[in-house]
Amino acid sequence: MRKSLLVLLLVSMVALLAACGGGDKIIVGTDAAFAPFESLDGEDIVGFDVDLLAAVMEEAGLEYELNNVGWDPIFPSLKNGSIDVAISGITITEERKQEFDFTRPYFESTHMIAFYEGTDIQSANDLEGKIIGVQTGTTGQFAAESIVGESNPNLQLFETTALALAALKQGNIEAVVTDIAVASEFVKNNPNDNVQLVSDAENFEAEYYGLMLADGSELKETLDTALSTVIENGKYAEIFQKWFGTSPDVESLLN
Ligand code: ARG
C-alpha cells in the first residue's frame, strides 16, 4: 500500500516536471563566430540575429534560451531535438529544405571575396589558383567550389568563419569567400589593413537567411507570424539600423 502510494507520487511528480519545465522553454542554437550576426562578447552572444531573435520571441510570447552549439552540430541537433530552432545567418537553400523547415526570410545576402591588397582578384574566376578559405558546410564553401571545383587542394575548410578570416589576416591563405555583411564587418574591424572586397553578381547569387527548424516543426507558424509583425512594426528596422547603420529594404523582404 505505502509503496504504491510512493510510486504514484513519484510518477505524478515526473509528469508535473515534464509539463512545466521540460516542454516550455525553446532551445535555440547558433554558431557565435559570425559577426555581426552572432559573436561572443565575453560570455554573451551578441549580434543582429541575437536581437532579432529576442524581438521575435517576445512578440510570440515564448521563453527561450540561446546556446552556442557551433555550426556543424546545428543540423543534427535540430534533427534529434536537442535544439528547437537555429538562428545563425543560415541561408535558405533547396538542399536544406529537403531536410529542415525555415521561417520566412529575414535577411538578403550574397557572397563576397575578402583578400589583402597585392592579391590580384577582380572577379570570382580569379579564385582559381589562389589559396582560399571557407567555413565548412556553408554556402560560402559551395560558392567557392562552384568556381574551383570540389575537393580542390587550394580550398581550405575552417570550422568557423572567424578562423578563416584570422588565417587571412595572418597571411596563411589568400582569400576568404563569405557572406557580404560578415566580409564588411571584417573590413570595419581591421581599419589599418588593406582589405579588399569583391562581389560577383554573375557567380554569386542573392540568398536569404531564415530561422531553421526541424522538418514539420509546430513552431513554424508562430515564428513566421511574429517575424512578419516585427518586420512590419519597425522593430526590425531599428535592429537593422543598430547593427548595419542603414535602413533595410523592408518592402523587398516582405514580398
Ligand atoms: N549563410 C551561410 C550559410 O548558411 C553561412 C552561415 C554561417 N553562419 C554562422 N553562424 N557561422 O551557409
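Computed from a predicted model, the values in this text were never measured in an experiment. Every number for a ligand or one of its atoms is a count from 1 in the order of the listing.
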Atoms in ligand 1 flagged as close to [X], the criterion being non-hydrogen separation under 4.0 Å:
| X | value |
| --- | --- |
| Phe34 | 5 (C), 6 (C), 7 (C), 8 (N), 9 (C), 10 (N), 11 (N) |
| Trp71 | 3 (C), 4 (O), 6 (C), 7 (C), 8 (N), 9 (C), 11 (N), 12 (O) |
| Ile90 | 4 (O) |

Do Phe186 and Leu168 have side chains that approach each other closer than 4.5 Å (heavy atoms only, starting at C-beta)?
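A side-chain contact exists here, since the closest heavy-atom pair is under 4.5 Å.
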
Taking the side chain as every heavy atom from C-beta outward, state whether Phe240 and Phe107 have any atom pair closer than 4.5 Å.
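Result yes, sub-4.5 Å side-chain heavy-atom pair found.
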
Protein heavy-atom partner closest to [atom] - residue, atom, separation in Å:
| atom | result |
| --- | --- |
| atom 6 (C) of ligand 1 | Gly89 O, 3.3 Å |
| atom 12 (O) of ligand 1 | Thr139 N, 2.8 Å |
| atom 11 (N) of ligand 1 | Asp31 OD2, 2.7 Å |
| atom 8 (N) of ligand 1 | Ser88 O, 2.7 Å |

Checking contacts here: is it the side chain or the backbone of Tyr209 that comes within 4.0 Å of ligand 1, counting heavy atoms only? Could be both or neither.
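The side chain, only.
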
More than 12 heavy atoms of other residues, nucleotides or ligands under 6.0 Å from NZ of Lys220: is that the case?
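Atom NZ in Lys220 is packed in, count exceeds 12.
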
If you draw a 6.0 Å radius around CD in Glu159, do more than 12 non-hydrogen atoms from other residues or ligands fall strictly inside?
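No, CD of Glu159 has 12 or fewer neighbouring heavy atoms, counting only those of other groups under 6.0 Å.
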
Examine ligand 1 and decide if any of its atoms is less than 4.0 Å from a heavy atom belonging to Arg96.
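Right, Arg96 reaches ligand 1.
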
Can the ring centres of Tyr209 and Phe102 be said to be less than 6.0 Å apart?
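Centroid distance Tyr209-Phe102: not below 6.0 Å, so no.
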
Walk me through whether Thr139 and His111 qualify under side-chain hydrogen bond (donor to acceptor under 3.5 Å, both in side chains).
CA-CA 8 Å; Thr139 52; His111 288 105; 3.1 Å; yes

Does Gln135 reach ligand 1 with a nitrogen or oxygen that is under 3.5 Å from one of the ligand's nitrogen or oxygen atoms?
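Yes - when backbone and side-chain N and O of Gln135 are compared with those of ligand 1, one distance drops under 3.5 Å.
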
For Thr138 and Arg96, which heavy atoms make the closest approach, and how far apart are they?
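Minimum heavy-atom separation between Thr138 and Arg96: CA-NH2, 4.0 Å.
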
